[in-house]
Amino acid sequence: MSANPNWEPGTFFHLHEEDPVEEYENFKLGMWIFLATEVLLFGGIFAGLFIFKYNWPEVFRLGSQALDWKLGSVNTVILLCSSYTMAMAVDGAQRGKNKQLKLNLLLTLLFAFGFLVVKYFEWSSKFSYGYFPGSDLFFSVYFMSTGLHLLHVLIGMSFIGLVYFRARQERYHEENFGGVEVCGLYWHLVDLIWIFLFPLLYLLRH
Amino acid sequence: MSSASQEYQPYLQPGGFKNWFFSVDHKRIGLMYLYSILIFFLIAGLCAMAVRAELLFPNANHQIFDHHGYNIMFTLHGAIMVFLFIVPGIPATLGNFLLPIMIGAKDVAFPRLNILSYWIYVVGAIAVVWSLIGPLPSIENGLIKFPANWLDTGWTFYTPYSIQSSAGVIPVTLGAFILGFASILTGLNFVVTIHKFRAPGMTWHRLPLFVWALYSASLIQILATPIIGITLALLIMERVLEIGFFSAALGGDPILFENFFWFYSHPVVYIMILPAMGVVAEILPVFAKKPIFGYRAIAYSSLAIALVSFFVWGHHLFVSGMSYWSRWIFSLLTFAVAIPTAIKVFNWISTLYKGSIRMDTPMLYACGFIFLFTIAGLTGLPLATLSTDVFLHDTYFVVAHFHYTMQGGTVVALVGGLYFWWPKIYGRMYNETVGKIGFWMLFLGFNAAFMPQFILGYMGMPRRYADYLGEFAELHFASSLGAFINGLAYVVIFGNLLWAAKRGKVASKNPFNSLSLEWTVPSPPPLTNFDEVPTVTTWTYGYGEEQNA
Ligand SMILES: [Cu+2]
C-alpha cells in the first residue's frame with residue numbers, strides 16, 4: 001500500500017476500480033446535478049427579467065424592438081443545428097464510429113463559432129447605437145443574460161474541444177462514451193437556455 | 001489492533017506540503033479544510049472579541065474604534081464566520097473525513113473534484129483577504145482607525161449601501177462567489193457518493209443519520225448556492241457597469257437583492273445546522289447505549305427541513321416592504337420548519353430516556369446542543385410571528401437567536417464531533433478533564449454572552465449600533481464578559497485537541513464502543529479505509545439490542 005500512486009507528490013489519481021460503465025453512471029449523475037445548478041444560476045436573471053418587465057413594460061417593449069429578431073433567429077437555428085450535430089456525435093461514440101464522432105464534434109464547434117460571429121455583430125451594432133449595459137433595465141437584462149450565456153457557450157466549446165482532442169486519440173468506443181455524452185448534456189443545456197432567452201428578449205415586443 | 005495488517009499505513013503518513021496539498025484522499029482534504037476554517041474561525045472570533053470590547057461600556061467613557069471601525073469589525077466577523085468558516089463547516093471537514101468510511105467506500109465519487117473544491121476554497125479565501133490589503137489600521141486620538149478599503153457593509157451586502165460604499169466590496173463578493181463553487185462541488189460530490197458508493201447491504205434505511213443529514217445539506221448546497229452566485233455576480237456588475245438591477249435610481253429594486261440574498265441565505269443556515277444535527281444523532285446513542293429513537297423520523301425530517309427551507313426566505317423582509325398576503329404566507333411557512341425540527345428534538349430526548357448514559361466530553365456537547373438549540377428554535381417563533389417580528393426585527397433579539405443556532409447549535413456540534421471522532425482522526429485521546437472544563441467554559445460563557453442579548457433586544461436595543469443608552473449598560477457589560485469567557489473557552493477546547501493530536505494517549509480502535517463502520521477500521525484509518533469492501537447486514541444503531549433479545 002505504501003507504493004500507492006496517490007502519495008507521489010504532484011499526482012492525483014483516484015482510488016476506484018476502473019470500471020467505465022460505473023464511472024459513466026457517476027459522471028452522468030454528477031452532470032445532471034451540475035445542470036440543475038446552472039438552471040438556478042440563470043434563474044436569478046430570469047427572475048429579474050420578469051419583474052422588471054412587469055414594472056416597466058414600456059422600457060421592455062421599446063428595448064425589444066431595438067433588437068434584431070432576424071439575427072436572433074439565425075442564432076437560434078445555428079444552436080439547434082449544433083445540438084443536432086452534438087447528438088450525432090454522441091450516437092457516433094455509442095456505436096464506436098469514431099469518424100462520425102469526430103466529424104460531428106467539429107461541426108458542433110463550427111456552429112458554435114458561427115453563433116459567436118453573429119453575436120459579435122449584434123453586440124457591436126448595439127454598442128454603435130449607444131446601447132450598453134446600464135443604458136436602461138432592458139439592455140442591462142439583455143447584456144447580462146446573453147453575456148452569461150455567451151460565457152457558457154465558450155465553456156461548452158472548450159469542453160467539446162477537449163472531447164475532440166480525446167476522440168482523436170481514439171479514447172471513445174462502445175464501452176466508453178461517457179465523456180462525450182456528459183459533454184453533450186452540457187451543450188444541450190446551453191442550447192436550451194438560449195431557446196428561453198430568444199423569445200423573452202427578441203419576440204415579446206408588442 | 002489485531003486486524004491491522006502488516007502493510008497498515010495510516011493516512012497521515014507521509015507528510016510534506018505536496019503530499020497533502022495535491023492529495024485526493026478525502027481524509028486529508030477533510031483535515032486541510034478543518035485547519036483552514038479554524039484559522040478563519042480564530043480571525044472572525046477575534047473580531048467578535050473586538051466588537052464586545054467596544055460595547056463593554058457606553059461610548060461616553062470608553063471607545064476603542066471610531067464608529068466606522070466598529071462597522072468594519074462586525075462586518076468582518078460576520079462575513080468571515082459565514083462564508084469562510086461555517087458554510088464549509090461540518091460537511092467539508094467531518095463530512096469529508098467520515099462520509100466515505102461511514103458508507104463503506106474507499107473515497108468520495110469524484111476525488112479530484114474534491115481537492116478542486118479545496119483549492120477553490122483557498123482561492124476564494126485569498127480574494128476575501130485581498131480586500132484588506134493596503135494601508136494598515138492606525139491610532140489617531142487614542143482611537144483605532146481603519147483604512148477605507150476594509151469592508152463595512154455588513155455580511156449581508158445589502159444594496160444600495162454595498163453599491164455606494166468605498167470599501168473593497170468587489171474582492172469580498174468575488175471571494176464569496178468563488179467559495180460558492182467550492183460548496184457546490186462538495187455537495188455534488190456527496191450526493192453522487194451517497195447514491196452510488198454505498199457498500200453492499202448499506203441500504204438507505206441503514207445509513208447513519210449523519211449521512212442523511214449530509215445528504216439533505218448537500219441538496220441545499222447544490223440548489224441554493226447558484227442563486228447567491230448570480231446575485232453577487234450582479235452586485236459586482238452593479239458596481240462595475242451600473243446595470244441598475246438593484247438600484248432604485250435606475251429603475252431597479254434594492255428589495256430584489258434582499259429577496260435573492262435570503263433565497264440563498266435562509267436555506268444556507270440549514271447547510272450549517274443539518275450536519276450538526278447529524279453529529280448529535282451519532283453521539284447520543286453511543287453514550288446512552290440505546291438504539292436511536294425514531295430513526296426514520298429523524299432521517300426524513302432532515303429532508304423535510306431541506307425542502308421547507310426554500311420557501312421561508314421572506315421572513316427576513318417582513319419590515320422591508322412586502323404585501324400583506326406574502327407576509328402572511330411566509331410567516332405560516334416559517335412556522336412549518338418548527339415541525340420537522342421538533343420531531344428531531346423529541347426523538348433525541350426519547351433516545352436518552354432510560355439509557356445508561358455516560359457523560360463523556362462528546363456527550364456533554366451533544367446534550368449542550370439539544371439545550372441550546374431548543375432555545376434557538378423556540379426564540380425563532382416570535383420572529384416568525386408577524387406582530388412580534390415587527391417589534392423584534394433588527395434588534396439584539398435576532399442577534400441572540402441567530403447565535404444560539406449558529407454557535408450554540410453548529411459550533412457546539414462541530415466541537416462535539418471533533419472530540420468524538422478525534423481518536424479516529426489521529427488515533428489519540430484528548431484529556432477528559434480538560435475537555436469537560438472546556439465544555440463548561442463554553443456553555444457558561446456562551447449563555448452569559450447571549451442570554452442578556454435576548455433581553456436587550458426585547459428592550460429595544462437595535463443591532464449593529466456602536467453605542468447605546470445608559471439603560472442597556474449592565475446587560476451589555478454582562479454580555480461582553482460572557483463573550484470573553486466564551487472566547488477563552490476555545491483556547492482550552494482546541495488546545496486540548498491539538499495537544500491530543502501530538503501527545504495524547506494512544507486510542508484503541510473503538511474507544512467509545514460505537515457500532516458504525518468508521519470504528520471498524522484502525523485509528524487513524526489506512527489510506528484506502530478498508531482492506532476489502534465491507535458487507536453490511538444490520539443498521540448502525542443496534543446498541544444494547546442483544547441484551548434485550
Ligand atoms: Cu431565515
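Letters A, B, ... mirror the listed sequences (proteins, then strands); counts begin at 1.
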To the nearest 0.5 Å, what is the distance between CZ on A:Phe139 and OG1 on A:Thr146?
10.0 Å
So, the part of B:Leu241 with a heavy atom under 4.5 Å from chain A: the answer is both
Using non-hydrogen atoms only, which part of B:Phe260 is less than 4.5 Å away from chain A: side chain, backbone, both, or neither?
side chain
Checked A:Trp56, A:Phe143, A:Phe42, A:Phe132 vs chain B; the most non-hydrogen pairs under 4.5 Å come from A:Trp56
Would you tell me whether A:Tyr202 and A:Ser73 have side-chain atoms, one donor and one acceptor, within less than 3.5 Å of each other?
no
Please collect all salt bridge (Lys or Arg N to Asp or Glu O under 4.0 Å) contacts where either partner lies in residues 129-156 of chain A, sequence neighbours excluded, each pair once.
none
Please look at A:Val141 and chain B and tell me whether the side chain, the backbone, both or neither of the residue comes under 4.5 angstrom of a heavy atom of that chain.
both
With salt bridge (Lys or Arg N to Asp or Glu O under 4.0 Å) as the rule and sequence neighbours excluded, what pairs involving residues 155-171 of chain A come up?
none
Relative to chain A, which segment of B:Ile222 carries a heavy atom at a distance below 4.5 Å: side chain, backbone, both, or neither?
both
Evaluate A:Tyr84 against A:Phe111 for ring pair (Phe, Tyr, Trp, His ring centres under 6.0 Å), listing each step before the verdict.
CA-CA 11 Å; A:Tyr84 175 76; A:Phe111 283 125; 9.3 Å; no
Please classify the contact between B:Leu219 and chain A as side chain, backbone, both or neither, with a heavy-atom cut-off of under 4.5 Å.
neither
Need one label for A:Phe34: side chain, backbone, both or neither, based on atoms under 4.5 Å from any heavy atom in chain B.
both
So, taking the atom named OG1 in B:Thr225 and the one named CZ in B:Phe181, what distance separates them when rounded to the nearest 0.5 Å?
10.5 Å
